[in-house]
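Data block below; observations after.
Just the heavy atoms: all of them, side chains too, but no hydrogens, waters or symmetry mates, feed the values below. Protein chains get the first letters and strands the later ones, always in sequence-line order, with residue 1 at the start of each. What you are looking at is a predicted structure, and each value in this text was computed from that prediction instead of being measured.
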Amino acid sequence: MTSTTLPILLLLGGFVLQLLLARWLTPVGKGVLATAVVFASFLASLTLVPASMAGVAAEAPLLAGWDGPLSIGLRVDGLSVLFMVMGTGIGAAILLFSVRYMEHEEQGTTRFYAIMLVFIAGLLLLAGAADMLGAYVAWEVIGLCSYSLVGFWYKQKAATDGARKVLVITHLAGYGFLVGLVLVYARAGTLVWTDPAVAPAFTSGVAALFIVAAMAKSVMFPLHTWIPEAMNAPTPVSALLHSACYVKAGVYLIARMYVVGGGQWHEAMGTPLLAVGCVTILVGVIFAMAQTDLKRLLAFHTVSQLGYIVVGLALGTDLGLAAGLFYCLSHALFKGTLFMCAGAIQHATGTRDLRDLGGLASAMPGTAKVWIIAAASIAGVPLTNGFVAKWLLFSAALDKGLLVVVLVGWIGSILTAFSFLKATVNAFYGVPSTALLGKRIHEASPSMLAGMGSMAGLCLLFGVAPQLLMLPIVAPAVRSLGFDWAVEMSWLGILTDRGTIAVTVGGGVVLASAMLGLLVYRLAQAPAPGLVSVYSGGEPLPAGDRPGAVDFAEMAETAFHPVYSLDPDPGYLRIWRALTRVAGAAQTTAGAVLEDRPLLPIGLVAIAALAGVWLV
Amino acid sequence: MNAVWSYLVAIAVWPGLLFAAPLGWLELWFMRKLVARLQGRQGPPFFQPFFDVMKLLGKETVIPRGVSRGIFLALPLVSVAAVTAALAIVPLPGNPVPSLPGDVVLLLYLMEVPVLCEVLAGYVSRSIYGQVAAMREAILSLAYNLPFLVAIIAMAQVAGSFQMRALQEVPYGLVHLLAAVTFLLALPARMKLNPFSIANAEHEIIADSHIEYSGPPLALFKLSHAIEVVLLTELFAVVFIPATPWPLVNLVVYLVAGILVLGGVTLLATTTARLRLTQAFRFYWVWGGLASAITMAATLVR
Amino acid sequence: MAMLKTILGNLLRPSRTRAPADMPVVPPTYRGALTHDAGRCTACGTCAFVCAPKAIHFTQDPGISVSWHFFIGQCSFCGLCEQNCPTRAIHLRADVPGSTNSAGGDGLRLESVIHLQPCTRCGAAHVPLPAATMDALWAAGADEAERGYCPDCRRWAASARLRTAFTPDGAVAEGGRHDR
Amino acid sequence: MPYSFPLGPYHPALEEPFKVKVQCKGEVIESATVEVGFSYRGIELLAQKRNWVEVITLIERVCGICSNTHAMTFCLAAETIAGIELPKRAAHIRTIIAELERLHSHLLWAGVGAEDIGFHSLFMEVFTLRERVMDTLEAISGNRVNYGMNCIGGVLRDIPDPAAHLPALDALAKGLGEVVIPTFTQNPTALARTRGVGRLSREQAVEWAVVGPVARASGLDIDVRKDQPYLSYADLGFESVVRPEGDVQARVVVRALEMMESVRLIREALLSLPPGPLRATQGLPEIPAGEATIRTEAPRGEAFYYVASEGGASPARVKIRTPSFVNIPAIEPMVMGQPLADLSIIQASVDPCISCTDR
């Protein structure tokens, strides 16, 4: 057991412990155990950082040469470390949050924590796998874990339907990965990412197959439609799914492809991927604006944000990769936080419908603060890591002269800001809605607050001092992909080599003048508070009657109705229905045959497989 | 002069607050006077906008019940600060601020802040009218920002740089013309003038999103609007009017161009009714989008 | 286009805004400040009868005078008092009543005192008829003495005239008494 | 979740206090309720406590815009009870005043409508034209608003020099024909705000029993001046304006063309002013016992009066049904499903007169 395998082994050990101790542990105990395990794994991952900073890839063969050149092993380079740290770090915070969140769950907590641990271990294995086969195995492990986690409340039809949709879309697209690696193996005889023999075999067709798989995992348009369906999962699952483990697998795959032959795939596939990313940014955010369910809103923002990350990666430059990877980390932080806030709100109020929320800031001040930090971050407000990420991304796009990307990103971020403005105002400010009247709303528990607060704090920390993250994590990852990126970056994410000091000064001045003004107001005679009521046309309005998120969304919907007609879901539904019909027909006609003679179909499949291998 | 001092001078004196506030008032007066004359009225004397602001400054600040005090008061300040800072990086002749890469991006960012402040102002005021105004403002900004951003980005594309000075030095050509038209398309909505005075449609929603504002905070919003008018017109002049080697001539040309642009949008405002939100949105995404596409195409085929 | 043409035309024309000095022409039919001529008023009360907003009323100082009161704040300037006044004592002038300070009530209220005169026959105080009316009624100079009579004495005089006309000798006078 | 948006009772789009409370889904109105009665004055009861002369002044104040209509209709009712034959000259003068009043009312409406769609310049032009009408009315009656022209049995004031008012009519026709009508019907932004907005179909118009220009803009050819001519309309020859579309644009066009017709009527009436007395009676009126119902066409539609007399100094009953009273409820079907932005122009398009409604 080397330090390279330690993080994964810790998680698997935790998994075994969960199963063994299930009988004696309370739900809280299980949660604490899982949290401790993931945290330990996080610490173990951190020990890998110095090596990756030095540019050394730690190798750990697990099953060396079990079948000729095909070996399963770990090769932990900068990129792997980034994803491992992200997965375990965010995972630890989310599990800390789930301790209290899941404590009232009557059954299935063992299942929950055990699978969560495997889920995270799957990501670690994916990130650390030295070859494509290992990565594919991890890929499907993640998929299966997410299937069972999304369907955690398997007694609810919506949850199981969602889980099935997740599995079908991502698994079907995952065959792209499988077919691609089979092709590579057939041509090169090896599947090790870094093997020079792989490079010529890794044609752009293979890359396209990989990208399709990554698109489904990373919710790229038009394969994004599973994500809102996955919202029936427990909130920690959603948080983990969205922020760290699941959707980021696709990001990892795209980034990892740069290792092969110096990113030769990029030449052919870079532009399509960019286009997909740009469309995804807009589609995601436009759909997000129309949502009233807090979690669905966040889900569509994940779509949009993943678009940004993929755009960064698709740029194919050192700065672009750095931007994409930094964005990936930042997104993990703020999206995880936002989901946890949504979970806390649902935990406290029993609803996550924005129409039924309002005025929570007074009842849940801590959650409100955490939410605002994370929302500012996702909207790209200066002083947060979201700003740094966007700034880097725009700089990278500008370096390549891709102004359209900047424009799209710009519009996307404005829409994101509006969307979060709406969500924030609706959930935390204004008058509590009638649905909440009479309910005793409690603040999130300390451990929940600690889980999300720590991540929100990191959002701010890495917003002010991104170099803290850049130097040890992001830069080695970029370097491990074969790009030489010298981190020339100062506070607030200002690229020192590009001389944008104006941004710093401008931002500082705005802040300073605002502070000064506030001071003047405080010193000046205090205006009388609340002598008059808000003007409502001469007669009082019913309390709590205000245009909310839904009304904004509806107004926006009327205004940009043409854009909404892009929804691809009906198409899927049609395919789905056709498939069900075909399956039904097949069952009725061939059912008897298959049931009576099971050997026949198996034999047929075997023949087909043989024919396939022979043909290739 | 070191950088910090030059920024301070730029924000406080030239082309910032000390210069922009009177100029903004003068330009607002010009628009009001022109509207009045076009409608066959006398119009106000030139010091009227100044008096308006002074009057507001002397009035009591009323904060309605249940409105978050801090945000309510901070918004107009942030708005003024942002537009002033934005103006400070416009390379008007004699601007002491050194031109830096990426200042176009910063400028565009800062120009969004007042809009955001207005939207927030509508929401924090908790007035139904303010909230509807805020929603309209937010959606409208999605409409007019398309041509507005494209106009600037197209110029940056031609210049190959996101630096204001570089934009100024682009050799004059077709893109200038197209981008200028695209920019002008966005201008009436940005200035909240007819036919796009949708967020401040007093006959539909009583007032704009600062319906609950009074006294000094309202004065600050008015000031912010005045400076925004200067900012928009001078930005247009600086980016799209060819510069001469003589700074003083440039300055005069820019000011005249700004006044002419204002005259144009005023003329448009006086000959039109107010459109609906959907109509304005359609206008901007169809005609603004078309102009944007043509402008971008022109930058590519160049 | 019509609007563009119009507004550009406006730009060339002088403004239509009126300055304080540039007062509009007041038409001769304008119903402005109200005046009352006590000399013509018979205090018949028609003006108060037709005044819908009750801007006009009368008070009495028994034996000395009758006062005509007008409160401009209640007046609707309908002009019915002028229209219906049988002796043309009320007149609405074409000039605009100036805005007045209500503090002292000056200008807002008009009071016109109609002094009573003693009857030249019985001595009872009464409102004298306007001179023009008297001229019209007694144009022939028939019974010049009746000019100073109070309404009661006028009735007496008329009655006396009738009686003399009916029974020139006056013989029936004693037997024809009836209750009044 | 629909939010409620109150238009009124204090709102810049309203000249008078009433309230349209709408429930909006986004920018779309889902339901609307109209509330009136904020300035109820009890004029009908007051009328029973005033004598016949005072009542005219009182009734004239039912409305600030169509003041003459009310006084005139009341006088017509009293004349009908008393069996008084109206002198020809008086009928002509009444017609002239009534049509001038229609002009000024429609112009006021056009200005308010222009303002409601944010067309300030048009508002200025319209109100400049309206000023000419007001000046003419003032020149004839001596007053700008409550003309005090009517008395039972005739009119109180003469038009000594009819030709003096013709230039104003020419200017008006020119202004209407060259500025107001072309702008309302051709300016793309004005069209965008009026065409297809606030539709009231013919069936709905019948169902909601609307009257006047609103009904005529929905294809209902009803006009008391044509259906039951009174005063001099039969002599002057009157043509009613009808449009089938039923939207705000149709209401604009109907009113605009009605104004042109009014200008023509006034011109004819002025030129053919017959000689004769102004009043059929002298002195204070005496109304015998009896009752009468009278319909006239006010600028906003049919005004209906029922007057009963018991032979005393005061009327026994005065019942007033104003056109706005029936038109205002029709705002509800008009705004249903329309954008919030159009609420003010739609409610303005029925020309709601709250002074009339809350009499």
**Asked** Does B/L248 CG have over 12 foreign heavy atoms under 6.0 Å away?
**Response** no

**Prompt:** Got more than 12 heavy atoms from elsewhere within 6.0 Å of NZ, B/K192?
**Reply:** yes

**Message:** As an exercise, state the distance from CG of B/L267 to CE of C/M3, rounded to the nearest 0.5 Å.
**Reply:** 12.0 Å

**Prompt:** Taking atom CZ of B/F19 as the centre, does the number of heavy atoms from other residues, nucleotides or ligands within less than 6.0 Å exceed 12?
**Reply:** yes

Do chain B and chain C have donor-acceptor pairs under 3.5 Å, and which are they?
unit_1: B/R37; atom_1: NH2; unit_2: C/L11; atom_2: O; d: 3.3
unit_1: B/R37; atom_1: NH2; unit_2: C/R13; atom_2: O; d: 2.6
unit_1: B/L38; atom_1: O; unit_2: C/N10; atom_2: ND2; d: 2.8
unit_1: B/Q39; atom_1: O; unit_2: C/R16; atom_2: NH2; d: 3.0
unit_1: B/G40; atom_1: O; unit_2: C/R16; atom_2: N; d: 2.7
unit_1: B/Q42; atom_1: N; unit_2: C/T17; atom_2: OG1; d: 2.6
unit_1: B/Q42; atom_1: OE1; unit_2: C/S15; atom_2: OG; d: 3.4

**Message:** Tell me whether B/F46 at atom CZ has more than 12 heavy atoms from other residues, nucleotides or ligands lying less than 6.0 Å away.
**Reply:** no

